[in-house]
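Notes to accompany the following structure.
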Amino acid sequence: MSLEKVMDIKNFSFTYAGADKPSLRNINMPIYQNKVTALIGPSGCGKSTLLRSLNRIHDLYPGNKYEGEILLKNFETKEMENILEYKKEDELIKLRQRVGMIFQKPTPFPMSIYDNIAYGLRLMGKKNKKELDEKVEEALKGAALWNEVKDRLKDDARGLSGGQQQRLCIARAIAVEPEVLLMDEPTSALDPISTIAIEELVTKLKDKVTIVIVTHNMQQASRVSDFTAYMYLGELIEFGTTEQIFLNPKEKHTADYIAGKFG
Ligand SMILES: Nc1ncnc2c1ncn2[C@@H]1O[C@H](COP(=O)(O)OP(=O)(O)OP(=O)(O)O)[C@@H](O)[C@H]1O
């Protein structure tokens, strides 16, 4: 298996504004390109905090403290850049295009299905109607939603089912061609059939985009991911291939969590 790093987390610690101790301590792990990496661990261990650091979405609120490095590959220069050095607003906006995010609850914008997808493309300066039409169709096909919505693109997106809304959010994220897609428990608000549809989509999407997914669901982590990071109390306890972490964990702590002894 040839592995390229698209991100590299080095000696990374994170403290929320006003908190007296860090929520993440000295995290070191790679994010491999065109692979799915799952972040697992008991409630409060810092999975979401780590995920949200990867596109600096915490910075929507001021005063948080980042230490260490989070490197992201620049696909043009092939250099690794430390995203913690980005300071300007436009650098952060660009970062969030390159590292997109899908939340637990679907968050469609209050506008048509078409405009939900076209929104980010227009922000990137794409105005040509034919080009927008093509990109919207491509993104909806990529998110396995096109057949269900192609005859009602002008309808309000909030009229879609929860599972369809989540696929719309995925279409919206992939339309701007991110390098990495972050998913924070993307199926926890969905029924089992919609969950399977999203899991199949994750597996299909990784040819185009690297995915990092937070999940509480052990079966889901083992079904969709190539690599797994097990976290506990703000530390990374173990990182490895999903097969190794689930079948042959090195740490007893990891084995106990996977066996359902706590968490
Ligand atoms: N906005 C915040 N301000 C201060 N502390 C926070 C904030 N958000 C989270 N924390 C703390 O950071 C730690 C990690 O929380 P985080 O939400 O990242 O854990 P998690 O593993 O994603 O949990 P869960 O599985 O329950 O979603 C916890 O101790 C939590 O209380």
Side-chain angles (χ1 to χ4, degrees), residues 7 9-31 36-70 83-84 92 95-96 99-107 162 166 169-170 173 180-190 195 198-199 202 210-225 227-240 242 245-246 249 251-263:
M7 295 188 92
I9 304 167
K10 291 186 161 182
N11 304 322
F12 178 63
S13 299
F14 180 89
T15 310
Y16 280 103
D20 53 6
K21 58 179 178 49
S23 285
L24 295 174
R25 274 183 310 278
N26 203 29
I27 307 282
N28 285 283
M29 64 180 268
I31 305 292
V36 178
T37 299
L39 305 181
I40 64 167
S43 192
C45 70
K47 305 179 291 294
S48 296
T49 303
L50 180 59
L51 194 78
R52 284 157 190 256
S53 301
L54 300 182
N55 72 350
R56 303 261 315 259
I57 203 142
H58 291 297
D59 290 48
L60 298 177
Y61 303 93
N64 301 304
K65 188 165 144 210
Y66 297 90
E67 291 163 277
E69 291 180 323
I70 298 182
I83 67 164
L84 302 183
L92 293 174
L95 170 66
R96 291 174 198 138
V99 184
M101 183 123 193
I102 303 294
F103 298 92
Q104 192 168 354
K105 272 182 76 183
T107 51
Q166 197 60 307
C169 292
I170 293 173
V180 180
L181 195 54
L182 310 174
M183 298 182 149
D184 197 352
E185 296 187 51
T187 63
S188 65
L190 303 181
T195 295
I198 301 282
E199 287 184 7
V202 166
T210 302
I211 293 175
V212 186
I213 183 169
V214 165
T215 179
H216 271 122
N217 179 328
M218 291 300 103
Q219 282 84 19
Q220 179 165 80
S222 68
R223 279 194 296 263
V224 304
S225 69
F227 290 89
T228 295
Y230 169 64
M231 299 172 67
Y232 184 69
L233 293 180
E235 292 185 11
L236 176 66
I237 305 293
E238 189 166 354
F239 172 86
T242 298
I245 296 286
F246 277 77
E251 303 292 331
K252 182 172 179 315
H253 212 290
T254 314
D256 286 350
Y257 179 72
I258 286 177
K261 291 193 182 155
F262 64 94

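Whatever order the structure lists them in is the order used to number ligands and atoms, beginning at 1.
- Taking 4.5 Å as the limit, every side-chain heavy atom of N28 sits out of range of all side-chain heavy atoms of I9.
- A donor atom on one side chain and an acceptor atom on the other are not found under 3.5 Å apart for S23 and T49.
- Using the six-membered ring where Trp is involved, H253 and Y232 have ring planes that are tilted, between 30° and 60° apart.
- Using a cutoff of 4.0 Å between basic side-chain nitrogens and carboxylate oxygens, R52 and D184 are scored as salt-bridged.
- N26 meets the side-chain hydrogen bond (donor to acceptor under 3.5 Å, both in side chains) test with no other residue; sequence neighbours excluded.
- Protein residues lining ligand 1, listed by chain and number: Y16, S23, P42, S43, G44, C45, G46, K47, S48, T49, E185, H216 [non-hydrogen atoms, distance under 4.0 Å].
- Classified by interplanar angle (parallel below 30°, tilted 30° to 60°, perpendicular above 60°), the ring pair F14/Y66 is perpendicular.
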